[in-house]
Amino acid sequence: MTPAVLYALTGLGLFVLGLYALIVHAHLLRKILAFNVMGSGVFLVLAGLAGRTASGIPDPVPHAMVITGIVVAVAATALALSLMLRVAGATGRARLPDEHER
Amino acid sequence: MTPMGFGARAGHLLLIALLAVIFGGLALAVLSLPSESPGLSAQVEAAMGETGVTHPVTAVLLDFRGYDTLLELVVLLLALAGVWSLAEGSPFADRRPGTMLDRLSRFYAPLMLLVAGYLLWAGSASPGGAFQAGAVLGAAGVVLTLTGWRLPVALAGWPLRLILVSGVSIFILVGLVAFFFGAVWLDYPLEWAGALILLIEAIASLAIGATLAALFLGGRPEAHP
Amino acid sequence: MDTAVWLQSGLTAPILLPLTGALLAFVMRRRATPIGLLSVVALLGAVILQVPSLFADGPQRLAIGGWGAPLGVDLYADGLSVAMLLMTAVVGLGISLYAAAYFRDTPARGQAFWPLWLLLLTALNALFLSADIFNLYVTLEILGLSAVALTAIAGGADALVGAMRYLLVSLLGSLAYLLGVALLYHAYGTVDIALLAERIAAEPATWAAMGLMSAGLMLKTALFPLHFWLPPAHASAAAPVSAALSALVVKGSFYLLVRLWIELFGEIAGGVATLLGLLGAAAVLWGSIQALIQTRLKLLIAYSTVAQIGYLFLAFPLAVGTGATAWSGALYLALSHALAKTAMFLVAGNLLRFGGHDRIADLDRVVQRLPLSMAAFALAGVSIMGLPPSGGFIGKWLLLEAALTEGRWGWAIVIILGGVLAATYVFKVVGYAFTQSENPHQAQPVPATMEWVAFALAVAAVLMGLIVSQPLIVLEIGNPFGIQAEVAVQ
């Protein structure tokens, strides 16, 4: 197994792990963190597989895409955290109302 | 955690099984990819001479896929517009720093400005660029914010908003300049490409830094209209 | 100006006009309303000017930055993209005029609304014009985040919780889509749709990408059973925002799914098309029944959206064999639904403003008191039910024709049954509008603009049933459904 594939499989693992956390945790902060774990997984797949070149110098295009993706993730996280604070302020709890206690 | 009932436990196991299947399918897809693949690296290398920069990731970000980067700046601005529509004022409004933080931040903040400037400059030839510089600037803003520093009230209205939109604006404007010389939108003339990219990056890093710091602060800085 | 500049401005103006408007509205907050209205009028003008050149020269491609795929990002406009742009501009203008009146008494909300709304329009137009699946990811994120922020503007606990759930769903959909993009890029070395279409093959990476991207987009389009987030978000938002979410935002992800399906996944999908159709059929029935049992008007309209989205997905199995007819039907339905659903949500906003509530049973003789609004609701209802003459009728008729020519009776029954159910829930509202309520209430005045805009959009939805050939000709420019082109190649 080449390092590139190892990175990509690790990325997939993070993606699925984040998805698990997103589903089972009710607290919104945990859900937002779960998204960030999932996002990191996707970025790892994107950047890791870029290393499969003959020269060993990675393909720069996916790296630029990852930078774009990170900025989008930062922006989305900021909005999500802000919204979470408002939800907590309005309902008294930082979770969605119909979620079961876990 | 409360103890789970039988139904909940079965559902939980089912979920884990389902996620395992998803992982397996995705892993199969990754393992089936050819073990060697150049991607677009050859095309990028061939076109590097026409970009005015020497670092390939910067060339992709600011030139080949500059449109993506423009939209990415829009996403940041949008997040801030969204955060500001949710709340005004900041949870850090009345924070008073300890002596340690106060002294250290006076030392750090100028240093961070210097680092941001270097990252911006270095970006054309080595890892770095507008986003890295903007992130450091944003962090400097966060440090200053934590020490109780605030933007003067006179600047917190439209002057601040002007800085926040400057990144997207300069991108559009530079793109339009090319447009009126008969070239395609966002096609920089070769002899100017390096300088134009640096101009975009310099202004964008300022806007990114300001946006990140404002996102950290939270609410809208000015009172109601 | 020479043709190259015309081409460029035609393709970039729908993105740059609302974007520039958003920046100006963000900086000059007190002028946000006129800036917003001006941008949307300019947008509609720019899109209309685009149509003749499309007829003359066929589909247009623009390599941004002069690089061209695979290195750069391309914009691409054919009849399908331009039809969606027109829909967005027309509905966008209606919603903008309504919003200008709606937010007059709450200027702080209005100032928050305009930049977000103009960015939402930017994102939709950029999405309809992009030929690059990574660039499309960024447009999807702008679309989702602006929609969420707009939902939250309403401010109450319902709206905030609805917005939060919407955000979680939207981010999950985007991430699944992005992982699919990553797999496709690493398998085929490009993110340009046209180049991918040449290189794509039936292999594990493609299947995985298809699953991820389709699931992500289905979630964003709120296809049953992934629709759970839509009714609370659409029903709790401010009226102009509800209209934008139901009429336009879900169409963005649906459009993208159709594009990907036709260009990339359709031929290797096999039974997945039938699965999408079955989910669509379930959505038609479940959404309609849920709409029928709602006691609040905005929730009824939101569940009606769930049902109408279901119709759009019937095209996936029906297109196998009948091709263009099924796709044209679904797209025609999407365009008419945008007009009719906007009208309905705007009427709901008028009733809320008028009576302070949207409980269906307590609608107090509103037919006499707000005749224009109720006429708009009834006309929009005609299109939603699919009665002639209306855009909804033409769309459903084309879908029915696609089903019947292939002798697929099951799909035909769903199409008709959904129409009957829609008639039931529309008449339920209209019925209560005639009667006196047991709880009469103090009425608030409704600005005339808010009534006329809703009425005009409802009339437009009906007119879509009378001017059928022109929209259909526009839809087929550049052969987006790829039917004759393949024959020609062979």
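Each chain gets a letter, A, B and so on, in the order the sequences are listed, and its residues count up from 1. A quick note: this is a predicted structure, and the numbers were derived from the prediction, not measured.
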Problem set entry | When C:Phe113, C:Phe134, C:Tyr188, C:Trp207 are compared by non-hydrogen pairs under 4.5 Å with chain B, the top option | C:Phe134
Seminar exercise, completed: Cut-off 4.5 Å, heavy atoms of chain C, and the answer for B:Leu164 is side chain
Exercise. Does C:Met28 reach the side chain of B:Arg161, with side-chain heavy atoms less than 4.5 Å apart?
Worked result: no
For this session: Specify the closest pair of heavy atoms between C:Ala149 and B:Ser85, including all atoms of both residues, with the distance to one decimal.
Result: O-OG, 4.3 Å
Exercise. Any side-chain heavy atom of B:Leu78 within less than 4.5 Å of one from C:Phe26?
Worked result: no
Problem set entry | Which atoms of B:Ser169 approach chain C - backbone, side chain, both or neither, heavy atom under 4.5 Å | both
Exercise. What heavy-atom pair brings B:Ala29 and C:Pro204 nearest, and what distance separates the two atoms?
Worked result: CB-O, 3.8 Å
Problem set entry | Greatest number of heavy atom pairs closer than 4.5 Å to chain C - which of B:Asp68, B:Val44, B:Val165 | B:Asp68
Problem set entry | Close side-chain approach of B:Leu86 and C:Ile153, heavy atoms under 4.5 Å | no
Name the atoms and distances for all side-chain donor-acceptor pairs under 3.5 Å in residues 62-69 of chain C, with sequence neighbours left out.
{"unit_1": "C:Trp67", "atom_1": "NE1", "unit_2": "B:Asp63", "atom_2": "OD1", "d": "2.9"}
{"unit_1": "C:Trp67", "atom_1": "NE1", "unit_2": "C:Gly65", "atom_2": "O", "d": "3.4"}

For this session: Among C:Ser146, C:Gly189, C:Ala208, single out the residue with the greatest number of heavy-atom pairs under 4.5 Å to chain B.
Result: C:Ser146
Exercise. Near B:Glu45 CD, under 6.0 Å, is it more than 12 heavy atoms from other residues, nucleotides or ligands?
Worked result: no
Exercise. Which residues in residues 119-132 of chain C have any heavy atom lying under 4.5 Å from a heavy atom of chain B?
Worked result: C:Leu119, C:Ala126, C:Asp132
For this session: Counting only heavy atoms closer than 4.5 Å, note whether B:Ala47 contacts chain C via side chain, backbone, both or neither.
Result: both
Exercise. Distance from B:Trp84 atom CH2 to C:Gln111 atom CD, nearest 0.5 Å?
Worked result: 12.5 Å
For this session: Answer with side chain, backbone, both or neither: which region of C:Leu23 has an atom nearer than 4.5 Å to a non-hydrogen atom of chain B?
Result: both
Problem set entry | chain B-proximal positions within residues 173-184 of chain C [heavy-atom distance under 4.5 Å] | C:Leu179, C:Leu183
Exercise. For chain B, which of C:Ala163, C:Ala209, C:Ala205, C:Ala112 has the most heavy-atom pairs under 4.5 Å?
Worked result: C:Ala205
Exercise. Is chain C contacted by the side chain of B:Leu77, its backbone, both, or neither, given a heavy-atom distance below 4.5 Å?
Worked result: side chain
Problem set entry | Shortest non-hydrogen contact between C:Leu71 and B:Phe64, atoms and distance | O-CB, 3.6 Å
Exercise. Is it true that atom CZ of C:Arg199 has more than 12 heavy atoms of other residues, nucleotides or ligands lying nearer than 6.0 Å?
Worked result: yes
For this session: Go through C:Gly155, C:Pro70, C:Pro115 and name the one with the most non-hydrogen pairs under 4.5 angstrom from chain B.
Result: C:Pro70
Problem set entry | Proximal component of B:Leu33, with respect to chain C [non-hydrogen, under 4.5 Å] | side chain
Problem set entry | Top contributor to chain C contacts, counting heavy-atom pairs under 4.5 Å, from B:Ala81, B:Gly25, B:Gly175, B:Gly39 | B:Ala81
Problem set entry | chain B contact residues among residues 136-145 of chain C, heavy-atom distance under 4.5 Å | C:Val138, C:Thr139, C:Ile142, C:Leu145
For this session: To the nearest 0.5 angstrom, please state how far the CG atom of C:Asn135 sits from the CG atom of B:Leu70.
Result: 9.5 Å
Problem set entry | Structural part of B:Leu176 lying under 4.5 Å from a heavy atom of chain C | side chain
Problem set entry | C:Leu212 versus chain B, the contacting section by heavy-atom distance below 4.5 Å | side chain
Exercise. Which atom pair, heavy atoms only, marks the closest approach of C:Tyr185 to B:Leu40?
Worked result: OH-N, 3.2 Å
